[in-house]
Protein chains: 2
Amino acid sequence: MPVGLNDQEIHILGDVVSHKRRIPRGGYLHRTGIKFQSLFAIRSGFFKTCVLEEDGRQQVTGFHMTGELLGLDAISSDLHTCDAIALEDSEVCEIPFAKLEEISLVIPSLMRHFHKIMSREIVRDHGVMLLLGSMKAEERLATFLLNLSRRFLMRGYSESEFNLRMTREEIGSYLGLKLETVSRAFSKLQDEHIITVDNKRIQINDIARLRLKMGNSSCVT
Amino acid sequence: MPVGLNDQEIHILGDVVSHKRRIPRGGYLHRTGIKFQSLFAIRSGFFKTCVLEEDGRQQVTGFHMTGELLGLDAISSDLHTCDAIALEDSEVCEIPFAKLEEISLVIPSLMRHFHKIMSREIVRDHGVMLLLGSMKAEERLATFLLNLSRRFLMRGYSESEFNLRMTREEIGSYLGLKLETVSRAFSKLQDEHIITVDNKRIQINDIARLRLKMGNSSCVT
DNA sequence: AAAATAGTTTGATTCAGATCAATTCAAATC
DNA sequence: GATTTGAATTGATCTGAATCAAACTATTTT
């Protein structure tokens, strides 16, 4: 699910076209409507991306961590179509897109890799569509936690204990739920001893049962 | 919103790498899990793409018409991650992906165009996420109809009168609603004289008011 | 340390959409 | 033309999540 570059690949890119940039917690990496110049590879930190309608409706479209690539949506129109906001102090590596395309022509494997990354983003979005379109609140939260868990694991962190960088409201926006519903779903999972919640700190006690939660809407507990 | 190639571009591709294929109504263009070889440009007809979970849950991830490109999701893993099913007799042009990547290296503008198409797909998906995450039934249907309308218009058909190729259930799956809810939303829009519904035949009588429906959840009719 | 602010939890109530059920309608098939 | 089958509409009821509201906790700011 996550759109990732491995360390080595970040370096390959980094050697050729790099420009480090620090974004403090709460800062914007890019805003909707500004001109697109570069993709951004996250070197450290945590971001959310969100789109907002004219009428003020907001939707978090993703949470992004180390190794992931931001800005893919902006290629189509040369304008950023969403905001990217740091949820903790972060560092990104700027990749001028025109240069990336140039280099792709001489390093076909880079091009191929880039295509895979874009495609993976599409697959990820389809997964979110499935979640938003057909899952219940508790299933959504379980899916969300397991996804985070896996991504932390892949980065060498604990898969069973981590702390959330985002608020209940942001989780709710991403999952198509209100913050109260998110909070209740957390409490319910805790009551069933599947997870332990201490504010932002999450401990997964029974990952197998959490997985069951994800899959079976018909499973009456 | 639609991921499109213009006629000329289809021809450029068609001249170099083409293989026409006919898919009858109800036929599969590709299935989840089969090996990815080619992208498919729709020359005529109408498709739906859908993902399904192990537990049988299904979600329509898109409806696709002439000029659009199918198979982008499969690049990431070399396997198709969704089914593509023809909703009417259709014709596609097969584009072996390996060849497309090769050619991209010598026609940079083709590569650039391809990147824009992939990016547009991501933007489209974000739009659907916004819809699924924050809109009410009626708003979803209005958004859906306006999107279809625009795409028909772009292809030289009437923007105000067209017939749906998909069932209420398929619309519902795409919009995250049950078929009964879709039907009721149609009826409501008809009662308000915004559209006229005769089974699959849709006539938009007041496109401006339909647009209003899309935007304002707070608008009390 | 106190005050202010932002975020979280929990309860009570409401409501949009799901579910269940019964017709109606349309299109294949015989 | 009659029959079967799949799709659509409409009504009645139920329910999961939204909304409203209050209390509580953590984090900044002063």
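Proteins come first, then strands; the chains are lettered A, B, ... in the order of their sequence lines, and each starts at number 1. Worth saying up front: this structure is predicted, and the values here are computed from it rather than measured.
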A.B. asks: Can you measure A:Arg201 atom CZ to D:dA26 atom P for me and round it to whole angstrom units?
C.D. replies: 15 Å
A.B. asks: Give the minimum heavy-atom separation between A:Ser119 and B:Ser76, together with the two atoms involved.
C.D. replies: OG-N, 2.8 Å
A.B. asks: Determine, for B:Phe186 and B:Arg168, whether the Lys NZ or Arg CZ falls below 6.0 Å from the six-membered ring centre while staying within 45 degrees of the axis.
C.D. replies: yes
A.B. asks: What is the distance from CD1 of B:Ile202 to P of D:dA8, rounded to the nearest Å?
C.D. replies: 10 Å
A.B. asks: If we ignore angles and hydrogens, is there a donor and acceptor under 3.5 Å between the side chains of A:Ser38 and A:Glu94?
C.D. replies: yes
A.B. asks: Can you check the A:Arg165 CZ to C:dG7 P distance for me, whole Å?
C.D. replies: 17 Å
A.B. asks: Show which side-chain atoms of residues 196-203 of chain A pair as donor or acceptor with protein atoms under 3.5 Å away, not counting sequence neighbours.
C.D. replies:
from     : atom 1 : to       : atom 2 : distance (Å)
A:Thr196 : OG1    : A:Asn205 : ND2    : 2.8
A:Arg201 : NH1    : A:Asn163 : OD1    : 3.3

A.B. asks: According to the salt bridge (charged side-chain N to carboxylate O under 4.0 Å, His left out) rule, which pairs have a member within residues 73-86 of chain A, sequence neighbours left out?
C.D. replies: A:Asp78-B:Lys116
A.B. asks: Find the distance B:Glu139:CD to C:dA16:P and express it as a whole number of Å.
C.D. replies: 12 Å
A.B. asks: Run the side-chain contact (heavy atoms from CB on, under 4.5 Å) test against A:Glu91 and tell me which residues pass, sequence neighbours left out.
C.D. replies: A:Lys20, A:Arg22, A:Arg43, A:Ser44
A.B. asks: Specify the separation, in whole Å, of atom CD of B:Glu169 and atom P of C:dA18.
C.D. replies: 12 Å
A.B. asks: How far does the helix from C:dA1-D:dT30 to C:dC30-D:dG1 bend, going by the axes of its first and last five pairs, to the nearest 10°?
C.D. replies: 50°
A.B. asks: Using a cut-off of 4.0 Å on non-hydrogen atoms, how would the nucleic acid contact of B:Gly172 be classed: base, sugar-phosphate, or nothing?
C.D. replies: nothing
A.B. asks: Which atoms of nucleotides 9-16 of chain D (N or O only) lie under 3.5 Å from a protein N or O atom, and what are those distances?
C.D. replies:
from   : atom 1 : to       : atom 2 : distance (Å)
D:dT9  : OP1    : B:Arg168 : NH2    : 3.1
D:dT9  : OP2    : B:Arg168 : NE     : 2.7
D:dT9  : OP2    : B:Arg168 : NH2    : 3.4
D:dT9  : OP2    : B:Ser183 : OG     : 2.9
D:dT9  : O5'    : B:Ser183 : OG     : 3.2
D:dT10 : OP2    : B:Ser187 : OG     : 2.7
D:dG11 : N7     : B:Arg184 : NH1    : 2.9
D:dG11 : O6     : B:Arg184 : NH2    : 3.0
D:dA12 : N6     : B:Arg184 : NH2    : 3.3

A.B. asks: Please tell me which of B:Leu177 and A:Lys200 maps to the more 5' nucleotide of DNA chain C, matching each residue to the nucleotide holding its nearest heavy atom.
C.D. replies: A:Lys200
A.B. asks: Inspect the contact between A:Lys188 and A:Glu192 and indicate whether a charged nitrogen and a carboxylate oxygen are less than 4.0 angstrom apart.
C.D. replies: yes
A.B. asks: Nearest whole angstrom, please: distance from the C1' of D:dA17 to the CZ of A:Arg140.
C.D. replies: 10 Å
A.B. asks: Distance check needed: C:dA16 P versus A:Lys178 NZ, whole Å only.
C.D. replies: 14 Å
A.B. asks: Between B:His126 and A:Thr81, do the side chains contain a donor N or O and an acceptor N or O under 3.5 Å apart?
C.D. replies: no
A.B. asks: Salt bridge (Lys or Arg N to Asp or Glu O under 4.0 Å) with B:Lys48: which residues, sequence neighbours excluded?
C.D. replies: B:Glu170
A.B. asks: Rounded to whole angstroms, how far apart are CG on A:Leu141 and P on C:dT9?
C.D. replies: 11 Å
